[in-house]
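Here the structure is a predicted model, which is why all the values come from computation and not from measurement.
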2 protein chains.
Amino acid sequence: MAKSITSLNAPNPNVSVDCVVFGFDNEKLKVLLIEQRNTGQFEAQLALPGDLVLERENLDEAATRVLKQLTHLEGIYLKQFKTFGDPNRVNNVKDKEWLRTFREDPAARVITVAYYSLVKLEDYLPEAASFAGKVIWQPVDEIPALAFDHNIIVNEALKRLREEFEFKNIGYELLPKKFTLSMLQTLHEIVLGVKLDKRNFRKKLKNSTTIIALEEKQTGVDHKPAQLFVYQSKTLL
Amino acid sequence: MAKSITSLNAPNPNVSVDCVVFGFDNEKLKVLLIEQRNTGQFEAQLALPGDLVLERENLDEAATRVLKQLTHLEGIYLKQFKTFGDPNRVNNVKDKEWLRTFREDPAARVITVAYYSLVKLEDYLPEAASFAGKVIWQPVDEIPALAFDHNIIVNEALKRLREEFEFKNIGYELLPKKFTLSMLQTLHEIVLGVKLDKRNFRKKLKNSTTIIALEEKQTGVDHKPAQLFVYQSKTLL
DNA sequence: CAATCTTAGTGTAAATAGTACACTTAGTGA
DNA sequence: TCACTAAGTGTACTATTTACACTAAGATTG
């Protein structure tokens with residue numbers, strides 16, 4: 001049963017945070033998953049990066065900490081989107097021993113506050129070496145059965161991501177600092193699941209002050225190189 | 001400190017739900033508040049209806065139960081919108097004794113999952129008699145200092161309500177079953193804080209299949225009576 | 001070095017949606 | 001019957017969205 005909280009820094013046994021980290025490699029939208037430590041008896045299961053909330057941190061701080069600890073990612077777009085609290089959401093974990101590595105009672109109920117974040121996959125890949133075998137970028141259309149209710153959480157995050165994409169300009173977070181208009185268009189097409197017209201897409205961007213053209217052009221492609229752009233946050237203007 | 005959970009139905013000491021219930025009386029947008037039981041030493045404080053989540057219920061069930069127990073409201077639009085987890089959010093309660101009426105440790109940390117809901121104030125008023133002195137409908141522009149971080153929660157709910165109003169047709173939930181187009185327009189004007197053009201507002205509604213005109217007209221007004229409409233949910237079509 | 005391949009980049013016409021704006025009508029009450 | 005109040009209605013103008021096809025720049029190959 002739940003243990004007494006004797007120290008202010010003891011983990012709160014009832015609340016966790018989970019992060020759905022989206023990345024884009026110009027072809028597919030991917031989600032960062034971690035492999036749970038396999039204690040031997042059961043096949044390994046994948047899960048979202050997450051951890052219990054500590055007694056003295058708020059939810060945003062917990063999510064930021066988890067992301068840093070498990071993936072070394074810092075300073076990225078991170079947004080709380082929904083809290084999941086079904087009493088049975090723990091049941092889907094095959095290896096209860098694994099749960100015991102961070103919770104006293106593996107059957108205890110845990111409510112999780114879910115966040116989603118967006119990273120530039122390109123920027124992240126060089127660093128990924130240090131997590132070899134632990135961190136996996138999985139295309140969103142090929143997600144296997146995950147631990148807990150994490151499949152549900154990923155689906156909800158996707159739904160929310162699409163909503164945000166339709167109304168706000170958060171796409172830039174998934175692209176490298178310097179990007180082409182085709183990359184931006186492909187990203188929108190993949191996230192929203194639609195085909196867009198090149199000229200209309202560009203026309204709409206002309207009325208936006210959030211992207212600025214560089215003098216620079218794309219290199220290393222075997223066709224006409226495209227102009228590069230950077231994102232200029234509105235809050236800086 | 002937190003007590004052990006010895007029964008499956010024991011309250012979970014770490015998670016609560018709070019409901020921001022919006023109502024509209026054709027003049028002002030209001031929020032339902034309850035008066036905390038005054039234990040004498042401190043002035044009474046108002047708070048949102050809320051309670052700890054029980055061990056065997058999920059979050060939506062908890063919110064539904066709380067709303068029913070504290071306000072007798074059932075079967076209404078109820079939507080989770082944000083979870084609040086600042087470690088200090090309990091500090092703003094003046095009367096710690098009052099906290100003890102439902103929590104063992106009044107200083108313990110509680111994370112709350114906030115919901116908002118919309119009710120037809122008209123329908124609700126007759127029932128309100130049974131809660132005299134406990135339930136208060138407060139205009140959103142005259143909210144006093146509330147317990148916990150409930151002022152922050154109300155503000156976030158308002159923000160979210162406005163967002164939903166701009167994109168979805170949820171306004172009908174705040175109106176009586178039979179409403180006039182002027183009532184619907186006034187509601188939009190008050191929630192969004194803007195003045196709308198009568199003809200343009202009606203023109204847009206013509207392209208919507210969600211409201212249908214009745215044969216019936218308004219009664220009891222000292223001017224030309226308006227036609228009445230009802231909302232026809234899209235999911236029923 | 002000419003031909004070919006690939007993606008970049010560009011404009012216009014038609015349809016749709018949004019905005020601004022003022023008078024007549026139906027009922028109540030004095 | 002006159003005055004008051006809110007209901008109800010149309011048109012011209014502007015802005016936004018949609019559909020659609022060719023030329024340009026660089027890389028590769030024979």
Quiz prompt | Nucleic acid contacts of residues 179-193 of chain B, taken as heavy-atom distances under 4.0 Å to DNA chain C | solution =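 Residues of residues 179-193 of chain B that come under 4.0 Å of DNA chain C do not exist, since none gets that close.
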Interatomic spacing from [atom1] in [X] to [atom2] in [Y] - rounded to 0.5 Å:
| X | Y | atom1 | atom2 | answer |
| --- | --- | --- | --- | --- |
| A/N58 | B/R89 | CG | CZ | 12.0 Å |
| B/Q227 | B/E216 | CD | CD | 10.0 Å |
| A/H188 | A/K204 | NE2 | NZ | 8.5 Å |

d([atom1], [X]; [atom2], [N]) in whole Å:
| X | N | atom1 | atom2 | answer |
| --- | --- | --- | --- | --- |
| A/K195 | D/dA19 | NZ | C1' | 15 Å |
| B/F201 | D/dG10 | CZ | P | 18 Å |
| B/F229 | D/dA7 | CZ | P | 12 Å |
| A/E27 | C/dT7 | CD | P | 12 Å |

N/O to N/O distances under 3.5 Å, protein versus nucleotides 27-30 of chain C:
{"residue": "C/dT28", "atom": "O4'", "partner": "B/D222", "partner atom": "O", "Å": "3.4"}

Quiz item: In which stems does DNA chain D show up, taking only runs of three or more Watson-Crick or G-U wobble pairs whose two distances fall under 3.5 Å?
Solution: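 So the stems come out as C:1-30 with D:1-30.
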Quiz item: Any chance CD1 of B/I152 has more than 12 other-residue heavy atoms, nucleotides or ligands included, within less than 6.0 Å?
Solution: no
With heavy-atom distances below 4.5 Å as the criterion, would you say the side chains of [X] and [Y] are in contact?
| X | Y | value |
| --- | --- | --- |
| A/Q138 | A/K30 | no |
| A/V21 | A/T71 | no |
| B/L32 | B/L70 | no |
| B/L192 | B/E166 | yes |

Quiz item: In chain order, what residues pass the side-chain contact (heavy atoms from CB on, under 4.5 Å) check against A/A157, with sequence neighbours excluded?
Solution: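 With sequence neighbours excluded, A/A157 shows a side-chain contact (heavy atoms from CB on, under 4.5 Å) to A/V20, A/F22, A/F81, A/Y116, given in chain and number order.
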Exercise. Answer with yes or no after comparing the ring centroid distance for B/F84 and B/F148 against a 6.0 Å cut-off, counting only values under it.
Key: no
Quiz item: What do you reckon, are the aromatic ring centroids of B/Y231 and B/F179 less than 6.0 Å apart?
Solution: no
Practice problem: Mind checking B/Q218 for me? I need base, sugar-phosphate or nothing, with any heavy atom below 4.0 Å counting as a touch. | Solution: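 Touches nothing.
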Quiz item: Can a donor-acceptor pair be found between the side chains of B/S182 and B/T180 at a distance below 3.5 Å?
Solution: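 No donor-acceptor contact under 3.5 Å links the two side chains.
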Exercise. Starting at the 5' end of nucleotides 12-22 of chain C, put B wherever the base has a protein heavy atom under 4.0 Å, S where only the sugar-phosphate does, and a dash everywhere else.
Key: B------BBBB
Practice problem: List in chain and number order the residues that pass side-chain hydrogen bond (donor to acceptor under 3.5 Å, both in side chains) with B/E142, two or more places apart in sequence or in another chain; answer none if no residue qualifies. | Solution: B/K28
